[in-house]
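Because only heavy atoms are used, hydrogens play no part in the values below, and waters and symmetry mates are left out as well, while side chains stay in. When a residue number appears, it is its place in the shown sequence, counting from 1.
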Amino acid sequence: MKRNRKVMLMGCMLGLAGLASCTDGYESEPVENFTLDYVFSPTDSVGTQATQYLNNIYRHLVNGHNRVGSDYLDAATDDAISIYYDDSEVYKLAMGRYTPTGRISAEMGWGTYYNTIREASIFVANIDRVPFNLTYVKAGETETDADGNLKETPLNVTMKAEARFLRALAYFELVKRYGGVPLLGDRVFELNDNLELPRNSFAQCVEYIVGELDDIKDDLRGLPMNGSDATNYAAVPTREACMALKTRVLLYAASKLFNEEPLERGNELVGYATYDRNRWKLAADAALELMSTAGHKGSGVINLNPNFRNAFLGYYSGGNTELIWFVQGEMNSYNLERNNGPLGFTGNGLGNGRTLPTQNLVESFPMKDGKPIGSSAYPYEVNNQYANRDPRLAAYIVTDGSTWGHNNSVITTGTYGTNNDAINAEQGHSTRTGYYLRKLLRPDCNADPSVNTTQDHVTTRIRYTEIYLDFAEAANEAWGPTDARKGYSAYDVIKKIRQRAGIGVDGNDPYLESIKNNKDEMRKLIRNERRIELCFEGARFWDLRRWKEDLNNTARGMQISKNGGALKYEVINVESRSYSDYMNYGPIPYGEIVKFNNLVQNDGWK
C-alpha cells in the first residue's frame, strides 16, 4: 500500500523544534495538511496547487514598511525614533531590551526563516512531478527554435530556482543575525529524524548561499519584464536580483564584524578565522558582474533613475530601471502616507507620523556644494540650517516650514505651532524630534477625505543605487578609490550618485575631488552616502553592526521656539541608547537551545 505522505502548506513549525510541535494528544498527523500527491499532482498540467504552495512561501517575506511594531527598522538606529515611548518594539530593539526568552519577533525571525527553508526544500524536492505545459524564457537564453523564437523552458524550472532563491535569502537573514547556523541542504526532515544538528561555520554558510545563487541565476527570468510578465511576475526574483543578492551577501561577509574583527577571534561560528582582504575583491567582483552585464555599459536593463525622488515609485507604469527586486505592497491605498505623514494638517487622525527622523540624520546631509557642514563655502547657521543643503534633505525629511499634502500646507514643528505637528504638542501624537518622514511617501497620495487619492505601492528589496554603494565600499577596500575595473571605480560610482542628487556647482564636486586619492576619507564619504541614500530602507541597522560602529549614540532632535518675533533653534537629546558589543549577534531562541544539545548559543546570551 502506498504511504500517504503529507506536507504543511501554511506551516506551524517553529524552527528546528517545530517538526515535533504541531501535533496534539488526539491526532497523529498535523492538522494543516494536504498530501504531496495533491499539491504536486502528476496530472495537474498547469500546476495550480504547486503554484499556490510557492506563493505561500513568498508570504514569509517581510514588508519593509512599518514592519517592527508599526515602525521602520531605522527607528532602532541613530537615524530615527518612534513617535511612541518605552513600550514600542523598535525601542526595545534599539535599547537591547531582549533576551533568548524575550525576543523581538518582528525582527529576529528564527522560526520564520527555518519554516521558509523547510517549505522551499519540500517544493524543490517535488515540483518536477508536475507536468507543466506552461513555459517561460530563461534569462540570457540564446538558443532559438525553427521560427527564430527564443527557446522556452517548462515553468517548473524557474519555480524551483525561485524556491532556492527564497531559501538562500532565508539563510542569509539568519546568518547576518546569528552568524553560522545549521545548514539543512535539500533534506526535508521528518518527525522521527535526528535533529541534533550543530551550527555550521560562518564561512560554510556564506559558501553555501553563494553557491546556491550561482547555481540558479540562469534558470530565473530576466529583466526587463514586458506585457503580462510585468503584471504577473514582476515581484519574483530575476537573474539580476540573484546577482544583486550575491553582492550583498559577499559585502556583509567582507565587513569588519565577520572578516576583520569578529567579537570572538577564532570562533568560526560568528566570523572567519582570519582576515582576508580578498573578500572585499569578491564582493566588488560580484557587483561588477551585475553592473557590466545589466547596467548602462551592458544591456541597460537596470540603471540609476535620473530623478532620485522617483526611485521608489511604482514599477507597473514602466520606465523605472532603478528597481531590481521588489515585493508588491498595498495597492490602491494611502496607508503608508497615513501611517507616516505629519499629524496636524489632515485632521481626524489621518496622519500618524509614526517614524521620526533625527537631528543626527539631518546633520549627515552635506551642504549644497557637497562639503560637510563647517567646511563649505556656504555658511551653516543653526537658525537657518536647512538652506543651501544637499537637495536630498528636503526630498527625504519634512522640516519646520516644509510644505505637505495636496494643497501644500505649511508644516510648523516649532513649539509655537498651532496643531499636533508641533514638537511634543501631545505625547504619542506629535513629533518628538522636530521632523517627519517624507521619503518613500507618494506626493500624489492623500488620506484627506476631501481628496481621498490612493495609489499603488511597492516594497523595494534591492535597487541599483545599493549595488553602486556596495561596489564603491568593496572596491575602495580592495583596490582604492580610483583604481577602475571594467570601467568602474569607487570614485566613479559615488560621483554618479552625488551628481544625480544635484550636489556640486555646475557639475563639479570639489569635496569628492579633494579626497579621491585618500582611501580613509573615501570610506567615510561612501558610508555617509550609503546612510543618506538608503535611509528608511532597512540598511543602517545592519550597516552599523557590520562596521562595528558605536550603537550608543543618543538620538537628537531640533526644538524651535519663538521669543518675540525671533526663532530660537536648540538641539535636544531625545532618546538615549544602551547597547553592548555582544548584541551585534542576536540570541538564538532559548527553546531551540534547550531542545538541541549541539546548538551553541552566541556569547553574551548564555
Please tell me if the side chains of L251 and E473 come closer than 4.5 Å, counting only heavy atoms from C-beta onward. yes
Lys/Arg-Asp/Glu bridge criterion (N-O < 4.0 Å) met for R463, E533: yes
Where do Y233 and Y136 land on the ring pair (Phe, Tyr, Trp, His ring centres under 6.0 Å) test, with the steps shown first? CA-CA 11 Å; Y233 303 110; Y136 77 109; 8.9 Å; no
For the pair R67 and E107, find out whether any cationic side-chain nitrogen is under 4.0 Å from an anionic carboxylate oxygen. yes
Between W404 and Y436, does the ring centre distance come in under 6.0 Å? no
Cation-pi check, R546 to Y252: give yes when NZ or CZ is under 6.0 Å from the six-membered ring centre and within 45° of the ring axis, no otherwise. yes
CG/D79 to CD1/I397 distance, rounded to the nearest 0.5 angstrom? 8.0 Å
Test the R545-F541 pair against the cation-pi criterion, namely NZ or CZ under 6.0 angstrom from the six-membered ring centroid and within 45° of the ring axis. yes
Is it true that D543 and R531 have a side-chain N and a carboxylate O under 4.0 angstrom from each other? no
How many angstroms lie between atom CG of L61 and atom CG of L166, to the nearest 0.5 angstrom? 5.5 Å
Contact between M558 and Y386 at the side-chain level, heavy atoms closer than 4.5 Å - yes or no? yes
Can you confirm whether P237 sits close enough to Y58 that some side-chain heavy atom of one is under 4.5 Å from a side-chain heavy atom of the other? yes
Electrostatic pair E529:R392 at N-O distance under 4.0 angstrom: yes
How long is the gap from OG on S70 to CD on E89, to the nearest 0.5 Å? 9.5 Å
Mind checking whether I104 and Y98 have side chains closer than 4.5 Å, heavy atoms only? yes
R167 and E212 ion-paired at < 4.0 Å: yes
Under the 6.0 Å and 45° cation-pi test, does K562 pair with Y416? yes
Residues R556, E575: salt bridge by 4.0 Å N-O rule: no
Is the Y53 ring parallel, tilted or perpendicular to the F123 ring (thresholds 30°, 60°)? parallel
D400 (side chain) donor-acceptor with T413 (main chain) under 3.5 angstrom: yes
Is a salt bridge present between K217 and E240, judged by a nitrogen-to-oxygen distance below 4.0 Å? no
